[in-house]
Every structure is written in structure tokens, then in C-alpha cells.
**Q** 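Have a look at this one before I ask anything.
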Amino acid sequence: MSRKLKGTAAAPGIAIAAVVHFHTTLDQIPIYTVAEEDVAAEIGRLSGAIETVTESLLDLQKELAGAIGKHDVRIYDAQLAILHDKTFRKDVEDEVTERQANLEVALQRVIARYEGVFDAMDNVAMRERAADLRDIGRQLVGALVAIGRQKYIADGADYLFAADEFLPSDAGILDRAHIRGIVTAHGGKYSHGAILARSLGIPAIVGVDGFMQETTSGAMAILDGDAGIVLLDPTIEELADYERRLSEQQSVDSRISELRFQPSVTPDGTSVRLMANVEGVQDLEALELDTMAGIGLFRTEFAFMERRQFPTEEEQVAMYLRAVESADGKPVTFRTLDVGGDKPLGYFQMPEERNPVLGWRGIRLCLAWPDILYTQLRAILRASALGHARILLPMITTRSEVVRCREVLDQLTADLRANDVAYDAQIELGIMVEVPVLVPVLPEILEVVDFVSVGTNDLVQYLLAVDRDNQRVAKMYDPFHPGVLRVLSQIAEAALASGKSASICGEIAGDHWFTPLLIGLGFRELSMAPVFLPRVKLMVRSFSLDECRDLATRALAMRATSQIRDLVHQEIQPRWAAQLRSPSDDTFGGAPA
Ligand code: PEP
Ligand code: MG
């Protein structure tokens, strides 16, 4: 009998291999009291350790530069910044001076103190930054006690990396020819480790409670990075089933990568615009723009979150300009600052909130602090002179909020004109549809916007009253719920009636199981994490518009989530398999764009 352990799906894909434990704690360190006359010498050891770790991080950055996105390589910049932070250094030195602790202990104490501060934060993303600190502490201690970390090579055998957590520096010891998957006992989907795993294309599951206790090195396991489950000691049948799925996945990967430059049209000629979601200008620069219609969602908040203070207007102009210039005429949809909820700004004091996700976030915060909004909109307008920029407002709840933002935009454009500053007078203003109450009033909202983009991540969480980040209710977060589909259908209909475009930029846009359904409901623009684009394109090219509509009509008539899921599975699975079997199939030919 196999045993099934659950965690958070962090990077998609299937892996079958033996587990290998890695120990990543700061446990085994020397402990001694530093005599007063030796304090200076003890502190002196810190510079050497910082130098060693800096060098190894820079080497790692270089080594990974070709393998992961440029943006993700910058994760190591965040670590280098901690390493060279003056306050951090002083705190460690004080610990040695005042408490006569040896450096290893001083480091452990300071890291633990900092971690405590991060861990106490409500915000998941900030809590996960504690992992970077731990990683730095571990590397410094390693340098002090001169433990070099060897690359792990299991005699040429494939393996699953298992540890309490996967930290950025661990990427340096992976044998990338043989690492098949990553399983960790702690950590979340937004940790730097998880981001790196996705970027490296290694299937990963994080937060598997008790994984290190339940397994030993050498145990055979199946990792299902789509479902977030690990099967320990799999049965022969399970192994056979997953081996079949794994080989299907490999053939999918190679088939879909051949197809990525083909036009995104259904076999009967309906175009579906596939766009990318990006979190920074570096992500955008790493894209194969020829494979897509543009950027449907540029989450600008990440550029704000990784800084120590608000970027100035000039800094923002430089960033947005770089983005529109590298998009080379394709649209870049800049979403204005969407902080609050689970995305705090370290340098902007927000009040404690009992329900931050229902609180002061997105446009609510920006309208309360108009300077933030003015500066950002002005910067986007200025960049729009040299490329195709669009503006997208997050967390809109009322028509009057949109009207207020339009007024701000009008004031800003009048001011730019008066000062002879160029901008795109046709710039489009859109809103995210993620607050459910917008749906019944969408026709009135559409009168005052140029486009809408459906943020299903939040829309589904608010419709179902299920926290999108809460593991305990994760099963209930199901966008196949009949009510969700009916709401999506209403949105598509309202947009169609108004002649304005409605795209989807939540995660379901990148989930190929949803593609025919979304086309059938009336959506013609889908924006997703770029890694999912080829699969979605394969689906677009596999179903005619009539088939999509028929599927949507049948799904909309159903009463149970499971029925809809089964229907979609029945329709997609055979087509998916057939597409992968027949490379000469017509749908892979050059259908009209
Ligand atoms: C959404 O809510 O679907 C969305 C795209 O925005 P975010 O995931 O950034 O909240
Ligand atoms: Mg959202």
C-alpha cells in the first residue's frame, strides 16, 4: 500500500525517483565564549565569511543565468543585499561584543530574532522572506566553519530533493542532470525556492507536513506537482499509471514546444489572443514575444515591493519605458499598485486589519493616498508616448471609483499637454473584475472603461468565500463551481453587448483544462504565466468554436462541480491524447492568424 502525503503544488509536472534528504538547518555549530581581548578578532572573521558567501552567490547567479529567467536570477540580489546590510552586520557584531558570543552563535541569534519579526507578520509573502534570512545565516555559518557544500551526485541516478525547505542557495548544489523533483516540509508557493523551481522547470511540492519524518533517503516516491501530492512506496499499478503520465508529459512538452510559434486560432479560424502575465520588466525581457499577443497583466506592485521606498516618477517612467520598448508595439497592460491584502509594502505603514483581503487594498488604498496613484499614472502616461501601454485598475468595487480615476487621468493628461509632455491620447483604461458585486452592474461599468480583465484568482475566492491561500479550505476553491461558470458567462455577455473586450488574467486562463470552456463562454483574450502558454495554445488549436460553445452550453446547464469537471475531462482528454499522437494532424498546420 502506498502512502499519500499532501502539500502545496508549487511547480507543475510529475517526477518518479528516490528521495534524498538534505539538511538545511543551522544546527551543528561550535559554541564558545569569546574573551574580551579576542572580541575584535572574532568580529574580524565576519568579513571573510561575507566575502566567501558573496563570491559563491555571484558564481551561482552566473551559473543559473542561462537556465532561469533574468528576473529570478535577481532573487540572489535580495540575498546579497541582506549580506551587505549595515544594520544586520552591526547587530551580529553587537551580539559578539555585548554577549561575548562566538560568531556562529551570534549569527544564529540575530537570524532567529529577525525571523521572529517576519514570522509574526500576517502576510504570507513577507513571512516567506524569512527563508532568505535563514539561507544567508546558513551560508555564513557554513563559510565560518569552512563547510563547503558539494554538488549532490547520486552516482548518476535520478533523485527527488527533500528538505525542510528549498532555499535559493540550494539551487547551487542540485545536479541538474538528475534532479527530478523537490519536496519540502515547509515553505509556500510564493517562496523564492518555489519561484526558482518553477523557473528551472523542476516539479515541486512545498509544505508537506512531516515529510522528513515519514521518509528516509532512498525511499521511492512519486511526486505529482500538479495535484500537490507525493505517493510514498507506490504500488506497481500506481507506478505504471504515473510512468504513462510522465511519458505523456514529456511528449506534450516536446510537441507543444514545436507549436509555440503557430497562430492562436481555433481550427475554424476564431482568433484567441494569448498574452503573458509578468511581475517585472525583466520577466518581460525574457519572453519570446513572437509567440504571444502582448502583456495582459503587468503586476507593478512587485517592483514596489522589492524596494525600500516608493519609486520616484522618473524611476517608474524608466521602468515602464523599458517595458513598452521591449514589447515592441505589442500592448503592455500595467496594473496600478495592487498592494494590501497578502501583499504588503515594507516601507508603507498599513493599519492592522482583521480581514486584510476584505480591507484596504488595491485601488482603495491608492485613492486614499492619491499621490501614489498620480505619480504612477503620470509615469505610465509618459511611457505611453513611446509604446503601447494600457492601464488596469485593481480591486474596483464601484462605478464611482472608476469615474474618480478617469477624472485623475484627465487632470494628468491636461497637465501633460500644458507642459508639452508627450503621451498616448488613445491610452485605454480598464479595470479588473474581481469583486463579485461588479458583475450585476457590469453594463454600467463598461460605459466608463475601455476594457475589463477578469481576475479569477480573487473573484473565485470572493464568490466562494474561500481564502485562496488557506490550505485547510483549498479543496473548496474550485473554479469549476457552476456558480462561477455562470458568473463568467454573464461577464462575457455584458462585454459582448457593450463591444468592449473582456480578458481573463487569473490562473484559470493558463489552465488548459479551462481553455475550450472559456472560449465557449465568449472570452477571446487569455493572459497567463508564460510557461502555460504553449499548452493553452494547443487547446485553442484543437477545438472548433462550435465545439467550445456546445461544451459551455452543456456545462452551464449542470448543477454540480464534479459533473462539470467530468464533462470537461471527457471532452478534453481524448483530444489531448490524439493531438499528441498525430504530429501531422491538420490542426498543427499553418491555420490563418
Ligand atoms: C486575480 O485576482 O485573478 C489576479 C490576476 O490578480 P492577483 O492574482 O495579482 O491578485
Ligand atoms: Mg487579484
Side-chain angles (χ1 to χ4, degrees), residues 297-301 304 333-341 343 345 348 350-351 353-381 384 389-417 423-463 465 487-488 490-506:
L297 173 64
F298 188 123
R299 291 178 159 107
T300 63
E301 59 272 15
F304 285 67
T333 313
F334 293 106
R335 180 172 73 183
T336 59
L337 189 66
D338 187 19
V339 287
K343 288 180 278 194
L345 267 189
F348 184 70
M350 297 194 206
E353 293 182 305
R354 278 261 299 261
N355 290 310
V357 173
L358 299 181
W360 210 42
R361 52 173 299 202
I363 203 67
R364 301 172 182 180
L365 187 144
C366 288
L367 283 172
W369 289 86
D371 277 358
I372 303 174
L373 186 66
Y374 283 29
T375 310
Q376 186 169 30
L377 289 179
R378 241 179 97 89
I380 300 173
L381 282 168
S384 73
R390 307 202 297 174
I391 298 167
L392 180 61
L393 307 169
M395 279 300 287
I396 291 287
T397 315
T398 64
R399 189 177 189 271
S400 59
E401 285 169 341
V402 190
V403 170
R404 177 73 200 117
C405 290
R406 266 236 183 264
E407 284 166 5
V408 170
L409 205 59
D410 290 344
Q411 279 164 21
L412 290 170
T413 52
D415 183 54
L416 290 175
R417 274 196 308 278
Y423 68 94
D424 173 12
Q426 312 299 320
I427 194 164
E428 291 170 279
L429 178 70
I431 58 152
M432 298 278 296
V433 178
E434 44 194 350
V435 178
V437 77
L438 278 195
V439 181
V441 298
L442 205 52
E444 295 106 275
I445 302 269
L446 280 156
E447 290 164 4
V448 289
V449 298
D450 300 308
F451 67 97
V452 298
S453 189
V454 190
T456 46
N457 303 342
D458 277 315
L459 183 64
V460 170
Q461 100 165 327
Y462 293 135
L463 278 170
V487 164
L488 290 177
Q490 261 179 287
I491 297 172
E493 270 175 27
L496 188 69
S498 72
K500 309 242 166 112
S501 98
S503 67
I504 297 191
C505 65

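Along the sequence shown, the residues carry numbers beginning at 1.
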**Q** Could you walk me through whether Leu459 and Ile491 satisfy the side-chain contact (heavy atoms from CB on, under 4.5 Å) test, starting with their C-alpha distance in whole Å, then the side-chain angles of each, then the deciding distance to 0.1 Å, before giving a yes or no?
**A** CA-CA 12 Å; Leu459 183 64; Ile491 297 172; 4.1 Å; yes
**Q** Before you tell me yes or no, could you show the steps for Leu438 and Val452 under side-chain contact (heavy atoms from CB on, under 4.5 Å), namely the whole-Å CA-CA distance, both residues' side-chain angles and the distance that decides it to 0.1 Å?
**A** CA-CA 11 Å; Leu438 278 195; Val452 298; over 6 Å; no
**Q** Looking at Gln426, I'd like to know if its CD atom is crowded, meaning that more than 12 non-hydrogen atoms belonging to other residues, nucleotides or ligands lie closer than 6.0 Å.
**A**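 No, because the 6.0 Å sphere around CD of Gln426 holds 12 heavy atoms or fewer from other groups.
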**Q** Could you tell me whether the side chain of Arg361 reaches within less than 4.5 Å of the side chain of Asp458, counting heavy atoms only?
**A**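 Touching, per the 4.5 Å side-chain cut-off.
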**Q** Do the non-hydrogen side-chain atoms of Leu297 and Thr333 ever get within less than 4.5 Å of each other?
**A**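 A side-chain contact is absent here, since even the closest heavy-atom pair is not under 4.5 Å.
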**Q** Return the CD to OG distance between Glu428 and Ser384, rounded to the nearest 0.5 Å.
**A**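 Between Glu428 CD and Ser384 OG, I get 11.5 Å after rounding to 0.5 Å.
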**Q** Can a side-chain donor-acceptor contact be found between Tyr423 and Arg378 if the only test is distance below 3.5 angstrom?
**A**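 No, because no side-chain N or O of Arg378 sits under 3.5 Å from a partner of the opposite role on Tyr423.
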**Q** I want to check something: taking the side chain as every heavy atom from C-beta on, are Cys366 and Val339 in contact at a cut-off of under 4.5 Å?
**A**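 The answer is no; the side chains never approach within 4.5 Å.
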**Q** Hey, could you give me the CD1/CZ distance between Ile372 and Phe348, rounded to the nearest 0.5 Å?
**A**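 Atom-to-atom, Ile372:CD1 and Phe348:CZ are 4.5 Å apart.
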**Q** So how far is it from Leu429 CG to Arg406 CZ, rounded to the nearest 0.5 Å?
**A**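 That separation rounds to 4.5 Å.
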**Q** Does any pair with a residue in residues 434-449 pass side-chain hydrogen bond (donor to acceptor under 3.5 Å, both in side chains), and if so which ones, sequence neighbours excluded?
**A**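 Residue pairs with at least one partner in residues 434-449: Arg399-Glu447.
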**Q** Taking all non-hydrogen atoms of both residues into account, name the closest pair between Val435 and Tyr462 and its distance.
**A**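 For Val435 and Tyr462, the tightest heavy-atom pair comes out as CA-CD1, 4.5 Å.
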**Q** So if I apply the side-chain contact (heavy atoms from CB on, under 4.5 Å) rule between Glu401 and each of Leu393, Ile445, Ile396, which one comes out positive?
**A**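 For Glu401, the side-chain contact (heavy atoms from CB on, under 4.5 Å) check succeeds only for Ile396.
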**Q** So which heavy atom on Gly362 is nearest to which on Met395, and how close?
**A**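 Scanning both residues completely, I find the closest heavy atoms to be CA-CB, 4.2 Å.
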**Q** Might you work through the side-chain contact (heavy atoms from CB on, under 4.5 Å) test for Ile363 and Met432, ending with a clear yes or no?
**A** CA-CA 10 Å; Ile363 203 67; Met432 298 278 296; over 6 Å; no
**Q** Distance check, rounded to the nearest 0.5 Å: Leu373 atom CG versus Leu409 atom CG?
**A**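 Answer for the CG-CG pair, Leu373 versus Leu409, is 9.0 Å.
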**Q** What heavy-atom pair brings Thr456 and Gly506 nearest, and what distance separates the two atoms?
**A**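 That closest heavy-atom pairing would be OG1-CA, 3.2 Å.
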**Q** As an exercise, state the distance from OG1 of Thr336 to CD1 of Ile391, rounded to the nearest 0.5 Å.
**A**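 Here the interatomic distance stands at 8.5 Å.
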**Q** Please give me the minimum heavy-atom distance between Ser498 and Ala495, naming the atom from each residue.
**A**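 For Ser498 and Ala495, the tightest heavy-atom pair comes out as OG-O, 2.8 Å.
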**Q** Measuring from atom CD of Gln376 to atom CG of Asp371, what distance do you get when rounded to the nearest 0.5 angstrom?
**A**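 Atom-to-atom, Gln376:CD and Asp371:CG are 13.0 Å apart.
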**Q** Can you confirm whether Tyr374 sits close enough to Gln411 that some side-chain heavy atom of one is under 4.5 Å from a side-chain heavy atom of the other?
**A**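 They are in contact (side-chain heavy atoms under 4.5 Å apart), so the answer is yes.
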**Q** Evaluate the side-chain proximity of Phe298 to Leu392: yes if any heavy-atom separation is below 4.5 Å, no if none is.
**A**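 In short, these two side chains do not touch, never coming nearer than 4.5 Å.
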**Q** Let me see the working for Leu442 and Gln490 under side-chain contact (heavy atoms from CB on, under 4.5 Å), right down to the final yes or no.
**A** CA-CA 9 Å; Leu442 205 52; Gln490 261 179 287; over 6 Å; no
**Q** With heavy-atom distances below 4.5 Å as the criterion, would you say the side chains of Pro436 and Val487 are in contact?
**A**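 They are not in side-chain contact.
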**Q** Where do Arg364 and Thr397 come nearest, in terms of heavy atoms and distance?
**A**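 So the two residues come closest at NH2-OG1, 3.1 Å.
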**Q** So which atom in Lys500 and which in Asp450 form the shortest heavy-atom distance, rounded to 0.1 Å?
**A**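 Answer, listing the atom of Lys500 first, then Asp450: CD-O, 3.6 Å.
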